[in-house]
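To find a chain, count down the sequence lines: A is the first, B the second, and so on, and within it residues start at 1.
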Amino acid sequence: MSTVAEAANASPPVDLSAQFQPTLYHTVESGEGVALDLRDFNLWYGSAQALFSVDMAIQKGMVTALIGPSGCGKSTLLRSLNRMNDLIDELRISGEVIVGGENIYRSGVDVIALRKRMGMVFQKPNPFAMSIFDNVVYPLRVDGVTNRAVLEETCERALRSSALWNEAKDRLKESALGLSGGQQQRLCIARAIASDPEVLLMDEPCSALDPIATAKIEELITELKGHYTIVIVTHNMQQAARVSENTAFMYLGRLIEYGDTKEIFVNPKLGQTRDYVTGRFG
Amino acid sequence: MSLAVRPLARQAVEDRPEQKGRSVRVFSADISATGEPWLWALGGALALGIILIAGFLALIFWNGVTTFWPKPIEVVTLQGGTLVAGEPFRAGVYRPDAGIIAKLSSEQQAFVEENGGFAQRTLYRTANFDIYGDDFRWVSDYEVAKVDYPRDFYLFERQEWGNFVGRIKGVIIDNQPQEYVADVMARAQREARDRFNEIRSIERGDIGRINHRLEQERLSIRRAELRYGPAAPETLAATERAVARIAELNAEFTVHQKRIADIRGIDQRNRVVLEEVGGRTKETELSQIVRYYPSNAVTTPDKIGIYFSRWGEFLSSEPREANTQGGVLPAIFGTVAMTLIMVVIVAPFGVITALYLREYAKQGRLVSMVRISVNNLAGVPSIVYGVFGLGFFCYTLGITIDQLFYPERLPNPTFGTGGILWASLTLALLTVPVVIVASEEALAAVPRSMREGSLACGASKWQTIRYVVLPKALPGIMTGMILAMARGAGEVAPLMLVGVVKLAPALPIDGFAPFVHLERSFMHLGFHIFDVGFQSRNSEAGKPMVFVTTLLLLALIVLMNSSAIYVRNRLKRKYATGHF
């Protein structure tokens, strides 16, 4: 306890909010091979602005990590990509999110169809109170697929992709709630990829898991990239460094630095980014 | 205080050299700081509550369970030589009036004096209402000369007039007076009872059917009149057809009447001559005797047999003797049917309302007001619901239905009066707040993460509710339903206005189309308790039945609730391992 306090005294935390200048440094550009493109995206919860003019091009088939201190808007940004924020009353946005050449916030967009194109994995494993099988094929069932063979094939494929098949193949009819935390999270990944989405959104998928389960999920992310565009929010800098190709550092609702992961961690261009990735604050 | 105590305690240890070296720490705290007195008060309150409930249940259980056990007949010889025979019913100490004491003999006065002006008295169930004009008699201890338990005294349970206590003087079989022989009498009585049941089944079955068809024919004439006008040729033709059929039915009716008359004739030739303790005799047809046994001579196995046969009669037959004897089958049926109909009505209503309030309505002032109103509805006195049910369901809805669909029966009401449907609707209204509140809580308890998980899979809001939220909330909703059921099954006051009656042997479900008669009035165990205990001519005789019926009602509610809980647990498991 005391050592932490001493360390804090030795190098006082940098108060960025006082001297905050939105100096931005982005090396990832819009153009070919972009899966999701945010353009001047602003978001307000009531009168409080949570995202400030975010411009971000997320590249197809790559893993993009969102890092930053708590409350910086990482999750909000992630949830804006599949319009999960729509559930919140008094939400306002401006700007565009382009997916496949189309602004998903344009009026008349089918939100349900949009969500089907984006699988999502949450911070805490949230399997439904159904069997493992029913959990995995849930996205297909809500699509109205009833063909047993299709469902079974999808289930196996998704579970194999999420490296859960060997553990779960004999207990597909059992409740998903009987799985361990790590298995539940992999089940949620299987569910997210069952309907073969284009993008996989992961909101701190390992924060509720132990190191071994975390390692498995990271391995899985590495295997899945290429097939899917993955956007992952994480508090764990090592994780971001291990799994991602691009990293975006966010602070106080702004996208501060966004570029190649190695660059961000080894040679950050901005002082704030360096302070954060070296653990001086956050 | 703790700081003051600790050094003193150390001091005490140091004073005793043999304890030195052992480290003794004294932990103490102010008594108010530990909260101990509050703990005692809480524990005491809980204990008091448990004792009250357990005592209440024990009282009902004991009184209910012992009622049907055969009791001995005491024959008391009073000092004046008068004989009193009956089952001792209850006893107590009392202080006789000065006026009564003044009329007593000097020895009796001395006896009362000796007891400090108090006397012990016993209430005997003397039965023989048709002879004495009363069922009970108090006997004070100072009057008693001696008490006997004669083995030739019988208790007769009769179809009419209640019990009879006395001796058997003789049996008349086929108009031939005979000496009483136990076997002969027993066989004759069984045969007589069979005849009695046969008559009843003819009345219920064949004659009931004929009456039903006669009614249909009469209604068909009336319907034709309403439709075509009284003088129209169609009406005349319909009338002609109906009259022909009515004549046929009447002929059939006469045949059955004849059969009944024949059986009655046999009944009248088989009688038993009974003699009460004072020597007055009474001739009764054997078919009128439900059960008889020599109270002081029956063995324990026989007593057990009588006990269970009484329970069997109680559970499976109709009431007799102004509900104070016989069974409560129609009341059991009515209670269960009404509760089930109520659940069927209240479940969708409550759950749909809760779903809308919780999932779809914009949470604002209006929804808060609706919620407060729903909660307040639960506090409205139930009789008010009864008044509303009578005014709205019976008189407004019911009379409209009658005018639209049953014009031929007017002015006799069909739905325009109390009935099981209206009673169930009234109770559904009464219990719907419970279901709404419980369902809302169950829905609110479904974690947000599950909804998000489902929505992120591309499920619509409705699909999310249908496949994820509702299954998860179902056990909680069922709990609300169980609470509503318990409340509804035990409610009496509103029912008195909307369809419960003292005696309704016609069940709401029978063999005549359309088989389910929701317009019929019905019997209810709760009302039966009220009626037997407080509305009958012989409330003393009804008292044990109050306990038995209460026990039965409690058992029924426990049974219905436990089956609902069983279903709930099954559902819990089903949705935990889950199908779609």
Problem - Enclosure of B:F349 CZ (heavy-atom neighbours >12, cutoff 6.0 Å) - result: no

Exercise for the section: Search all heavy atoms of B:K472 against all heavy atoms of A:A129 and return the closest pair with its distance. Expected result: CD-CB, 4.4 Å

Practice task
Mind listing the closest non-hydrogen atom pair of A:V142 and B:A459 along with its distance?
Solution key: CG1-CB, 3.8 Å

Practice task
Might you point out which heavy atoms bring A:I88 and B:R448 nearest each other, and give the distance in Å?
Solution key: CG1-NH2, 4.2 Å

Problem - A:R79 portion near chain B, given a 4.5 angstrom heavy-atom threshold - result: side chain

Problem - When A:M118, A:R191, A:K124 are compared by non-hydrogen pairs under 4.5 Å with chain B, the top option - result: A:R191

Handout entry: Heavy-atom check, side chain of B:E452 versus side chain of A:M120, under 4.5 Å
Key = no

Problem - Rounded distance (nearest 0.5 Å) linking atom CD1 of A:I112 with atom NZ of B:K461 - result: 11.0 Å

Practice task
Report yes if some heavy atom in the side chain of B:R451 is under 4.5 Å from a heavy atom in the side chain of A:L87; otherwise report no.
Solution key: no

Handout entry: side-chain contact (heavy atoms from CB on, under 4.5 Å) between A:F122 and B:S449, worked out
Key = CA-CA 8 Å; A:F122 295 82; B:S449 67; 5.9 Å; no

Handout entry: CZ (A:R106) with more than 12 external heavy atoms under 6.0 Å
Key = yes

Exercise for the section: Step through the shown structure and confirm whether more than 12 heavy atoms of other residues, nucleotides or ligands are within 6.0 Å of OH on B:Y360. Expected result: yes

Handout entry: chain B contact via A:P127 - which portion, at a heavy-atom distance below 4.5 Å
Key = backbone

Practice task
Compare all side-chain heavy atoms of B:V468 with those of A:Y138 and state whether any distance is below 4.5 angstrom.
Solution key: yes

